[in-house]
Amino acid sequence: MAAKEIRFHGRGGQGAVLAARMLASAAAAEGKHVASFPMYGFERRGMPVVAFTRFSDEPIREKTQIYTPDCLVVIDPTLLNIKTLFDGLKPDGILILNSPKEFPEPPHPSVKRAAIINATQVALCEIGRDIPNTCLIGSLARATGWVSLESVLKGLADHLDGDLLKKNIRNAERGYEEVQVISW
Amino acid sequence: MAETHAGPIAVTGNEAVAEAMRQINPDVVCAYPITPQTEVVQLYAQMVADGAVDTEFVTVESEHSAMSAAIGAAAGGARTMTATSSQGFALMWELLYVAASYRLPIVMTTVNRALSGPINIHCDHSDTMGGRDSGWLQIYGENHQQAYDNCLQSVRIAEHMDVRTPVMHMYDGYVISGAIGPLVILQDEKVRDFIGPFKAINPMLDVEHPVTVGPFDGLHGWYFEHKVAQNRAMDRSFKVIQDVADEFAEITGRHYGLLEPYRLDDAEIAIVVIGSTAGTTRMVVDKLRARGVKAGMVRVRVFRPFPHEAYAKALEHVKVVGVMDRADSFGAQGGPLFLEIRAALYDSDPRPQVLPFVYGLGGRDIFPDNIEQAFAVLEETARSGKRATSERRYLNLRKD
């Protein structure tokens, strides 16, 4: 598999940085080389947050941020209003979106394929709080096929344990099972 | 974190170093948190609280106090470590010289970050470049594995009786410190065997053999001779650094030198670079090689002492050398690394051209394209056969 670059957009407190790391752990569980890092700024709850994950069969030597992602993961639907959100998304790139809405038209002209799920509702149901990150990693596994659901669940266990791990496993499983993949 | 792993695990650079510190299990750690180093001491404080280590963790009110306490602990006879970044490093300044002149084998992790102002928390090498004349040894790592490996080796180097000088080891803030990357961890016993027990020299806590540390020396004292002795220890440390690296290679299979050449043997143009950007530079070298360009690279590992003879030998056949500085020396002919490389090659005949590049200040991203631009300047200069101007060339500098 060619190297993959994923850019996560969330808001402080939604777990974008952790999601990027958990995806890296999932890919690492499949023996891939991984890198994951956030774009640091002045972190506070509710502020837009960006994080990145790279994985590849070859060692990763590039140390730059990700400007032309293969996949965008948008954890908060209100971020669709940010003009630069889709900057650099590859022409055949895929959007993983948390949204309660239906999208008869693409949310942005450069998006041709998207996996959409009401991850906030799933998270409120499974975890009891609006932390939709693990649900969307499950959706990413389903929509892209780049990592297996099994690896995603392994990746969660690198970062979470106990009751929280159990709830997030369910969150990710539902993300995998219930996501809708749409092409325009 | 589990104690042993067969294969690589995915951790942040700071987690890698905290794990190395756990395995070293120093007697004393004195530290104050600062971005992007914070995670190192936060994780270590947790290990102390959990009883995973025997360390006396001294929480202090500033980095000035952190280094002061580290000096006190090391002079008292304790294996001592600390960690810092940027402004914290700057605040330690006067004590850096004190630690080095007392010949205390303190090991400090410094996570590279820009210095104010404007306030900037991102990576460049301004902090430790400013401390290059403080008398500490300086070892730069490229990635997570090297951050861990250099941390372990620093202890052996600092405590070696031919050196007995504090060592700081560095890695890039955020790019490595906060990023997830692969790490292979040694077994705890292997680290313990490699590090060995600490041997205190003239410890102040040995009340049977009282000593004075740091008295006033005066106009007719031995200050000058003392400084020369420090420099001689620097000279001796070249061999110690290599010996320690070779011994480390025996247990890990990972080889380190004073510097790390890449595709340099038949190179006509080459870039010298420090830290994580070496990874991106290797990519560009491979790309240029595929096009038939004889490009090479050297990654700087040891900056103090500066292995000038090794650079003269490594680069003697290169026509044009580009030096990439992630720090500047305002008003000087170029950045700190440029000045070292140019001086190292002065006695070469024929003398390679050495051109200064400055990049990445305050965390400005450095793209493969920017490094290709630098190589293009070197290639053009080599082709023309003329001497190019040695004005600084800035990579990824905004035009407006």
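Quick note: numbers below take in every heavy atom, side chains included, and nothing from hydrogens, waters or symmetry partners. All chains are named by letter (A, B, ...) in the order of the sequence lines, taking the proteins before the strands, and each is independently numbered beginning at 1.
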Open item on the list: If you compare all heavy atoms of A:Pro38 against all heavy atoms of B:Gly178, which two are closest, and at what distance to 0.1 Å?
Closed with: CD-O, 3.7 Å
TODO: Determine the option with the most heavy-atom pairs under 4.5 angstrom with chain B, choosing from A:Asp158, A:Val17, A:Val34.
DONE: A:Val34
- [ ] Answer yes or no: does atom CZ of A:Arg129 have more than 12 heavy-atom neighbours from other residues, nucleotides or ligands under 6.0 Å?
- [x] no
Open item on the list: Just checking B:Asp265: does its CG atom have more than 12 heavy atoms from other residues, nucleotides or ligands closer to it than 6.0 angstrom?
Closed with: no
Task: Enclosure of A:Lys90 NZ (heavy-atom neighbours >12, cutoff 6.0 Å) - done: yes
- [ ] Could you check which of A:Ala29, A:Ser36, A:Ala51 has the highest count of heavy-atom pairs closer than 4.5 Å to chain B?
- [x] A:Ser36
TODO: Check whether more than 12 heavy atoms from other residues, nucleotides or ligands sit under 6.0 Å from atom CG of A:Asp92, and answer yes or no.
DONE: yes
Open item on the list: Less than 4.5 Å to any heavy atom of chain A: does that hold for the side chain of B:Asn370, its backbone, both, or neither?
Closed with: neither
Task: Residues of residues 138-149 of chain B contacting chain A, heavy-atom criterion under 4.5 Å, by residue number - done: B:Glu142
- [ ] Report, by ascending residue number, the residues of residues 52-87 of chain A in heavy-atom contact with chain B at a distance under 4.5 Å; give 'none' if the set is empty.
- [x] A:Arg61, A:Glu62, A:Lys63, A:Thr64, A:Gln65, A:Tyr67
Task: Under 4.5 Å from a heavy atom of chain A, the part of B:Thr281 involved - done: neither
Open item on the list: Taking atom CD as the centre, does A:Glu150 end up with more than 12 heavy-atom neighbours from other residues, nucleotides or ligands that are less than 6.0 angstrom away?
Closed with: no
Open item on the list: I'd like to know whether NZ of B:Lys287 has more than 12 heavy-atom contacts from other residues, nucleotides or ligands below 6.0 angstrom.
Closed with: no
Task: Other residues, nucleotides, ligands: >12 heavy atoms within 6.0 Å of B:Glu260 CD - done: yes
Task: Greatest number of heavy atom pairs closer than 4.5 Å to chain A - which of B:Gly181, B:Ala10, B:Ser276 - done: B:Ser276
